[in-house]
Number of protein chains: 2
Amino acid sequence: MVAAGGRGRRVTIADVADHAQVSTTSVSKVLRNAYGVSPAMRLRVQAAIDELGYRPHNAARAMRGRTFTIGVLLPHISNPFFAEILDGLTEQLGGTDYQAIIIQGGLDDASERRAVDALVDRQVDGILMVAPLSSKSRLEEVAAGTPTVVLGPHERSTVYDSVNDDDEAGTELVVEHLIRLGHRRVAHIAQRDLGRGRPATTLHVIRERTYRRVMTEHGLADGIAVATTSYTEDGGHRGAYELLARDPRPTAIFAGADLAAFGALAALHEAGLAVPADVSLAGYDNTRSAGLAHIALTTVDQDGVMMGRTAGRLLLERIGGRTSSVRFSVTPALIVRRTTAPPSDSSQVT
Amino acid sequence: MVAAGGRGRRVTIADVADHAQVSTTSVSKVLRNAYGVSPAMRLRVQAAIDELGYRPHNAARAMRGRTFTIGVLLPHISNPFFAEILDGLTEQLGGTDYQAIIIQGGLDDASERRAVDALVDRQVDGILMVAPLSSKSRLEEVAAGTPTVVLGPHERSTVYDSVNDDDEAGTELVVEHLIRLGHRRVAHIAQRDLGRGRPATTLHVIRERTYRRVMTEHGLADGIAVATTSYTEDGGHRGAYELLARDPRPTAIFAGADLAAFGALAALHEAGLAVPADVSLAGYDNTRSAGLAHIALTTVDQDGVMMGRTAGRLLLERIGGRTSSVRFSVTPALIVRRTTAPPSDSSQVT
DNA sequence: GCAGTCGTGGGTAACGTTACCCATTCCTTG
DNA sequence: CAAGGAATGGGTAACGTTACCCACGACTGC
């Protein structure tokens, strides 16, 4: 096998055809294993391919059809939960000819739009949009042109598939856990809604709404306190400060994401408050860090690997021709660790 | 502006030419702002482009030359330090027509090779390889075909540019800090060398070597203890357990990366040891989490944003035609927080 | 034994863009 | 005033692959 050096002209399908003494059409057929090629032909062409070290030219393929590329839109790569999703996706794509490429969507609508356009321009065969900010109509516009799976938002659409965690169930689990421990003032750190035209379908909106509902259902409407920042370390930090300044101070905080919980943990520490003795804290996502002994965060597990795997499968199915729309939901589980406990007497100033 | 719907034929340069009553050549010239187009022509074509909502077809461009795509190879997206590098790169690329796409290289040589091949197959205009596992000859092979910047390894090459932290200086800072505090048994958590044919140039090898050198220079060769796992939370966790089992037990641990330090922190906590009272702990990278109050990790800052920005600039220069090779090195700084302190008497069993 | 069918291989026109030319007009300069 | 050059616009042949045809031989079934 000849190494495909950088300088020389690249090996094309025509070179392979010459070398194998067949037509380019036949080589192409072997490549896509299309109908109408004998085993002998297949072997012959395969040998020529190996000998010449031929690699298909992606751009040329793209002009005619497939690129064998899956585009993944991520708001930002720093969220460790996304890494799990990606691991699942990669696992599912292994063994196929498809390759995942990642693009960062950023923090606002406009830059997300640019990122998705970049994916579309590059003719990816499928798009996985993770926790997108875009409006439903925008998502459907994208999905009309490219097979699309949306991970996160709870909207059901007829043109794309959805994968999500049952955020309502997860939020119920964690809020009820805190209430059952005896907390009556359970605060919440939410994320500001940056998307446009998305009334109540993003996961952070659902988490906040469910939090309010559960509190109300338990007769604790008075204990509701929400700091709206963002699902980041910094957001959690600011949110906790905001909540601690309230009077009376909450005895428990439910952060909408682990990352925010970490920031809140830092803020509580700075404020000289012990967790869980003074304030209980819970997150959402069960990221790897949450399980570490020195953090031991109570949180909600939502199996990101499984979500990524499923998203990959659905995408391949759609590329394969499925047009019906699928919705897949993961059932979350509460993971109780050491950041939640019954409220102490001192904090129980009712 | 007409939305470029998914189903209909896409708007091509020919449509624009028709609409503006000019030739496709002229449209192409405007697009690439090439020489030989009058201001009037430019305006006229620009108007047609806007009116039709034309977007260049990337694959078609790729067949003739540029793709305006920068490929970024990341071992794994979960490392928060990579996020900083990417932020720097994105910042540098903003305003240009270039788009960064990310691809995960994974944990071994073979899968990294596959990822880079995928980038090359997709005709990216430039490649940024972050902390690659590949051998130098492999890197040069890639660089021969595509403008390349390598971030991490300290190898100097004539065919690609290098960006790195001065890992020797950084390691000296942190190890000497621990020694100055009075520690004599300073252990180290290193990363297993997975690459092939890379004698002593990956950053983890340099950190370990420098650690050994500094210890020896201070007459503390007997205090050297290295656990070779990986720069991950899990690796740090396992590494710390391994080190704590030694007799005599180290009084300080220098983890080669913050992520590993977090894992070590958990292990120390599980073992019932206080930080820094029983054991001091230091990391490397100054990731965002390291600064949070409840962690307050002593670590080495290496300005990932600046590294990413520089890598982007060098890549653009190379794409622009520079052939000389550049090496850029960031000077690290020690950030002392609350995980390091003089050894306590109880642990000072010499 | 003949029409119809199946299996196999190849010819060729796109796909959308750009780089290399050439043609025309107008302006400069000796 | 003629010759040369600058400025501007356009024609056209690639780039590498695939999808749609068609051609040819061999086999089937009546």
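Chain naming here is simple, since letters A, B, ... match the order of the sequence lines and numbering starts at 1 in each. Because the structure is predicted, anything quoted here is derived from the model rather than measured.
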TODO: Give the dot-bracket string for DNA chain C, reading 5' to 3', where a pair is Watson-Crick or G-U wobble with both distances under 3.5 Å, ( ) marks pairs inside the strand, [ ] marks pairs crossing earlier ones, | marks a partner on another strand, and . marks unpaired.
DONE: ||||||||||||||||||||||||||||||
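- A:Ser26 has a side-chain polar atom (N or O) that falls below the 4.0 Å cut-off from OP1 or OP2 of C:dG10.
- Every residue two or more places apart in sequence or in another chain that forms a side-chain contact (heavy atoms from CB on, under 4.5 Å) with A:Gln99 is listed here: B:Ile103, B:Ala118, B:Arg122.
- In this structure, the CZ atom of B:Arg66 is 17 Å from the P atom of D:dC15, given to the nearest Å.
- Here D:dC15 presents its C1' atom at 13 Å from CG of A:Asp15, a figure rounded to the nearest Å.
- Looking at B:Lys29 and B:Asn33, their side chains never come closer than 4.5 Å, going by heavy atoms from C-beta outward.
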Distances for protein N/O vs nucleotides 6-8 of chain D N/O pairs under 3.5 angstrom?
| from | atom 1 | to | atom 2 | distance (Å) |
| --- | --- | --- | --- | --- |
| D:dA7 | OP2 | B:Tyr35 | OH | 2.9 |

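- B:Thr24 places none of its side-chain heavy atoms less than 4.5 Å from the side chain of B:Thr12.
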Open item on the list: Does A:Asp117 form a salt bridge (charged side-chain N to carboxylate O under 4.0 Å, His left out) with A:Arg138? I'd like the steps, not just the answer.
Closed with: CA-CA 11 Å; A:Asp117 278 347; A:Arg138 165 67 172 159; 3.2 Å; yes
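- A:Asp18 has its CG atom 12 Å from the P atom of C:dG10, to the nearest Å.
- The list of ring-ring contact (aromatic ring centres under 6.0 Å, His included) pairs with a residue in residues 88-109 of chain A, not counting sequence neighbours, reads A:Phe68-A:Tyr98.
- Looking at A:Ser28 and A:Arg32, their side chains come closer than 4.5 Å, going by heavy atoms from C-beta outward.
- The minimum heavy-atom distance linking B:Leu119 with B:Ile101 is given by the pair CD1-CD1, 4.2 Å.
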TODO: Kindly indicate, with the supporting measurements, whether the criterion salt bridge (charged side-chain N to carboxylate O under 4.0 Å, His left out) is fulfilled by A:Asp161 and A:Arg318.
DONE: CA-CA 9 Å; A:Asp161 297 332; A:Arg318 258 199 190 270; 3.0 Å; yes
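- Looking at residues two or more places apart in sequence or on another chain, you find a side-chain contact (heavy atoms from CB on, under 4.5 Å) between B:Met63 and A:Ala59, A:Ala60, A:Met63.
- Using a 4.0 Å cut-off between a side-chain N of Lys or Arg and a carboxylate O of Asp or Glu, B:Lys136 and B:Glu155 do not qualify as a salt bridge.
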Task: Nucleotide-resolved protein contact map, nucleotides 17-25 of chain C, B/S/- at heavy-atom distance under 4.0 Å - done: BBB------
